[in-house]
Asker: 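Could you have a look at this structure, given as structure tokens, before my questions?
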Amino acid sequence: MNPARLAGLLLLAVLAGAAALAGALVHAVWFPGGLLLALAGTAAVCVGGSLLFGTRGGAAVPAVAWALTVLLLIMWSRPEGDLLFGAAVSTYAYLYVGMIIGVVCATVRPPGPPRFRRPADPGGSPQ
């Protein structure tokens, strides 16, 4: 693991945290458009990481960062009793569908040529 790759994964984690915070603020505002926008941001970070790095880890890091950020935002409340997430259908849809998106992106093989392919025998000799 070289430092550039580590810095890229850290940047993806920060972007996933920003997408989680933005989604938390937008998902209930313009229902269902805000919910779809928040979920599209989550999918964009996870799929973008998978395509950028070409591995499942490129999608797993932002998915975990997104989930941890959302779980921290769920527990956060102000002294006045205000919560960032209310008890609404859009909140539960954002949480569960966002986690499903992260799991699917982290488990599906990224597109591209297979990494470990045995080269063809150019001579055609039997082995």
Side-chain angles (χ1 to χ4, degrees):
M1 173 108 12
N2 60 12
R5 186 173 183 87
L6 210 57
L9 290 174
L10 182 64
L11 180 66
L12 275 175
V14 170
L15 285 174
L21 179 62
L25 297 173
V26 169
H27 78 276
V29 177
W30 306 299
F31 187 76
L35 176 63
L36 294 175
L37 183 65
L39 292 173
T42 303
V45 173
C46 292
V47 171
S50 176
L51 292 175
L52 183 67
F53 285 94
T55 62
R56 290 183 180 119
V61 168
V64 170
W66 181 89
L68 289 176
T69 304
V70 167
L71 292 176
L72 286 174
L73 291 173
I74 287 173
M75 293 185 289
W76 181 67
S77 66
R78 295 180 42 185
E80 295 87 12
D82 297 337
L83 297 172
L84 198 54
F85 289 100
V89 173
S90 64
T91 299
Y92 294 116
Y94 177 64
L95 296 175
Y96 292 127
V97 175
M99 287 184 192
I100 289 169
I101 288 172
V103 168
V104 167
C105 289
T107 55
V108 172
R109 189 175 150 269
R115 292 178 176 257
F116 301 106
R117 190 170 193 171
R118 191 173 164 179
D121 187 21
S125 61
Q127 295 182 12

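All residue numbers refer to positions in the sequence shown, counting from 1. Fair warning: this is a prediction, and the values are worked out from it, not measured in the lab.
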Asker: Could you check if a side-chain atom of L95 sits within less than 4.5 angstrom of a side-chain atom of I74, using non-hydrogen atoms only?
Answerer: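 Heavy-atom side-chain distance check passes, below 4.5 Å.
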Asker: When you measure from the side chain of T107 to the backbone of V103, do you find a donor-acceptor pair of N or O atoms at a distance under 3.5 Å?
Answerer: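 Yes: the side chain of T107 pairs with the backbone of V103.
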Asker: What are the two closest heavy atoms between A38 and G23, and how far apart are they?
Answerer: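 Nearest pair, atom of A38 first, then G23: CB-CA, 3.5 Å.
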Asker: Indicate yes or no: at least one non-hydrogen side-chain atom of T55 is less than 4.5 angstrom from one of R5.
Answerer: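 In contact.
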Asker: Minimum heavy-atom separation for G102 to C46, with atom names?
Answerer: CA-SG, 4.2 Å
Asker: Linking Ile, Leu, Val, Met, Phe, Trp and Tyr by side-chain heavy atoms under 4.5 Å, what else ends up with V26?
Answerer: V29, W30, L37
Asker: Quick one: does T69's side chain have a donor or acceptor within less than 3.5 Å of a partner on A65's backbone?
Answerer: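 Flag set: sc T69 to bb A65 pair under 3.5 Å.
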Asker: Among L71, T42, I101, which residue satisfies the side-chain contact (heavy atoms from CB on, under 4.5 Å) criterion with W66?
Answerer: T42
Asker: So, for G49 and L12, which heavy atoms are closest and what is the spacing to 0.1 Å?
Answerer: CA-CD1, 3.6 Å
Asker: With L73 as reference, evaluate L68, L25, L21 under the side-chain contact (heavy atoms from CB on, under 4.5 Å) test and give the passing residue.
Answerer: L21
Asker: With a 4.5 Å cut-off on side-chain heavy-atom distances among I, L, V, M, F, W and Y, is there a chain of contacts connecting V61 to L52?
Answerer: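 Yes; tracing contacts between hydrophobic side chains, which count when under 4.5 Å, links both residues.
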Asker: Between CG of L39 and OG of S90, what distance do you get to the nearest 0.5 Å?
Answerer: 10.0 Å
Asker: Of all heavy-atom pairs between L9 and G58, which one has the smallest distance, and what is that distance?
Answerer: CD2-CA, 4.4 Å
Asker: Answer yes if F31 and V97 sit in the same cluster of Ile, Leu, Val, Met, Phe, Trp and Tyr residues linked by side chain heavy atoms under 4.5 Å apart, and no otherwise.
Answerer: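 They do share one cluster, since a chain of ILVMFWY contacts under 4.5 Å joins F31 to V97.
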Asker: Under the ring-ring contact (aromatic ring centres under 6.0 Å, His included) rule, what pairs show up with a residue in residues 5-28, not counting sequence neighbours?
Answerer: H27-F85, H27-Y94
